[in-house]
Colleague: 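Before I ask anything, here is the structure I am working with.
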Amino acid sequence: MKVVYNNDVELIQSLKNGESKAYSYLLNQYHHKLCVYAYGLTNDYDISEDIVQNVFVYLWKNRVKLKDLFSIKSYLYKSVYNEFIDQYRKKKTVIALEKEYIDALNHVVDTEDENSLERLITLVKQEIEHLPPKCKQTFLLSKKEGLTNMEIAEYLDVSIKSVEAHITKAFSILRQTVGDKMESLLFLLFGITRRSSSTY
């Protein structure tokens, strides 16, 4: 017989009591969804699986410390995000710019809809593809390839002002679509372009 919990209070109490059926219920309800969410952050299936597994193991080991009243769904998604950040910091030296972008990732953590991050990233990709040709080329050279404005100007044989105008236009278009989450989403798409001299 399939176990159903009517609310988080009931589920959390069962977890705190050490009931394995509550743990199994969480796995069935959220494991796949959390893996999809983690993959949106890492772009790596194995790392995503590890992150989610770590979250569930930690939850079970510390179940008696759970608060009686809170959203278990929000807790799980936030835990996956925090685990992602922890692993990221262990693998890379966090310079000032990286720290800034890591903090900015909070803007795209959506604990209410596990598919929202994937939709936003897809939306940004589509908007980039729809940019005017010169604007798109300039923007990708800056954000994807990490070229400075001067390098782009030399490569395209145009003025620096022209490069700045195209990049500003691209950012303006993208902001209209995704608002203040734009920088964080670009980080997820392209990583950190350390050589870029411009921030918009």
Side-chain angles (χ1 to χ4, degrees), residues 32-49 51-52 73-74 77-78 80-82 84-85 87-88 91-92 94-200:
H32 176 70
K33 295 174 182 178
L34 290 172
C35 284
V36 171
Y37 172 64
Y39 181 76
L41 296 171
T42 65
N43 287 319
D44 186 297
Y45 288 109
D46 291 334
I47 293 176
S48 300
E49 289 279 352
I51 286 175
V52 174
K73 181 178 180 181
S74 297
Y77 277 92
K78 189 65 177 178
V80 167
Y81 169 76
N82 289 336
F84 160 69
I85 294 300
Q87 291 198 15
Y88 180 88
K91 291 180 180 179
K92 300 186 71 173
V94 184
I95 60 173
L97 182 60
E98 288 175 334
K99 178 64 166 60
E100 177 185 340
Y101 274 93
I102 288 173
D103 292 340
L105 284 174
N106 280 307
H107 289 293
V108 293
V109 176
D110 189 338
T111 58
E112 298 304 320
D113 185 350
E114 63 273 2
N115 295 316
S116 63
L117 177 61
E118 186 176 351
R119 286 203 303 270
L120 282 171
I121 290 176
T122 299
L123 183 59
V124 170
K125 287 180 179 178
Q126 291 174 346
E127 289 298 322
I128 292 173
E129 287 300 314
H130 293 154
L131 290 172
K134 284 291 184 182
C135 184
K136 174 186 172 183
Q137 183 184 23
T138 304
F139 181 77
L140 289 177
L141 286 172
S142 174
K143 295 303 165 187
K144 186 176 182 179
E145 304 302 330
L147 300 183
T148 65
N149 288 355
M150 184 176 293
E151 289 171 333
I152 297 171
E154 292 175 354
Y155 178 74
L156 298 178
D157 193 24
V158 297
S159 69
I160 292 180
K161 284 191 176 295
S162 177
V163 171
E164 292 173 347
H166 282 309
I167 294 176
T168 300
K169 181 177 181 179
F171 269 88
S172 177
I173 292 172
L174 293 174
R175 275 204 182 93
Q176 290 176 14
T177 303
V178 294
D180 62 357
K181 296 180 180 180
M182 178 189 62
E183 286 283 1
S184 303
L185 291 166
L186 290 177
F187 168 65
L188 290 177
L189 278 173
F190 302 131
I192 297 169
T193 52
R194 291 193 183 96
R195 299 177 62 211
S196 179
S197 61
S198 305
T199 302
Y200 290 81

Colleague: Please answer whether the main-chain N or O of Asp44 pairs with a side-chain N or O of Ser48 as donor and acceptor at a distance below 3.5 Å.
Modeller: yes
Colleague: Please check this pair: side chain of Glu154 against backbone of Glu151, looking for a donor-acceptor N/O pair closer than 3.5 Å.
Modeller: no
Colleague: Report the distance from atom CD1 of Ile152 to atom CG of Asp157, rounding to the nearest 0.5 Å.
Modeller: 14.0 Å
Colleague: Looking at every non-hydrogen atom in both residues, tell me the closest pair between Thr138 and Lys134 and how far apart they are.
Modeller: OG1-O, 2.8 Å
Colleague: How far does OG of Ser172 sit from CD1 of Ile167, to the nearest 0.5 angstrom?
Modeller: 13.5 Å
Colleague: For the residue pair Pro132 and His166, establish whether any side-chain heavy-atom pair is separated by less than 4.5 Å.
Modeller: no
Colleague: Taking all non-hydrogen atoms of both residues into account, name the closest pair between Val124 and Leu174 and its distance.
Modeller: O-CD2, 4.2 Å
Colleague: Mind checking whether Tyr77 and Lys73 have side chains closer than 4.5 Å, heavy atoms only?
Modeller: yes
Colleague: Carefully, step by step, assess Tyr37 and Tyr81 under the rule ring pair (Phe, Tyr, Trp, His ring centres under 6.0 Å).
Modeller: CA-CA 9 Å; Tyr37 172 64; Tyr81 169 76; 7.7 Å; no
Colleague: Could you tell me how the ring of Phe139 sits relative to the ring of Phe171: parallel (under 30°), tilted (30 to 60°) or perpendicular (over 60°)?
Modeller: perpendicular
Colleague: Measuring only between side-chain heavy atoms, which start at C-beta, is Leu156 closer than 4.5 Å to Gln137?
Modeller: yes
Colleague: To the nearest 0.5 angstrom, please state how far the OG1 atom of Thr168 sits from the CD1 atom of Ile173.
Modeller: 11.0 Å
Colleague: Distance from Ile47 atom CD1 to Cys35 atom SG, nearest 0.5 Å?
Modeller: 12.5 Å
Colleague: To check you understand the geometry: which heavy-atom pair defines the closest contact between Leu131 and Lys136, and what is its length?
Modeller: CB-CB, 3.8 Å
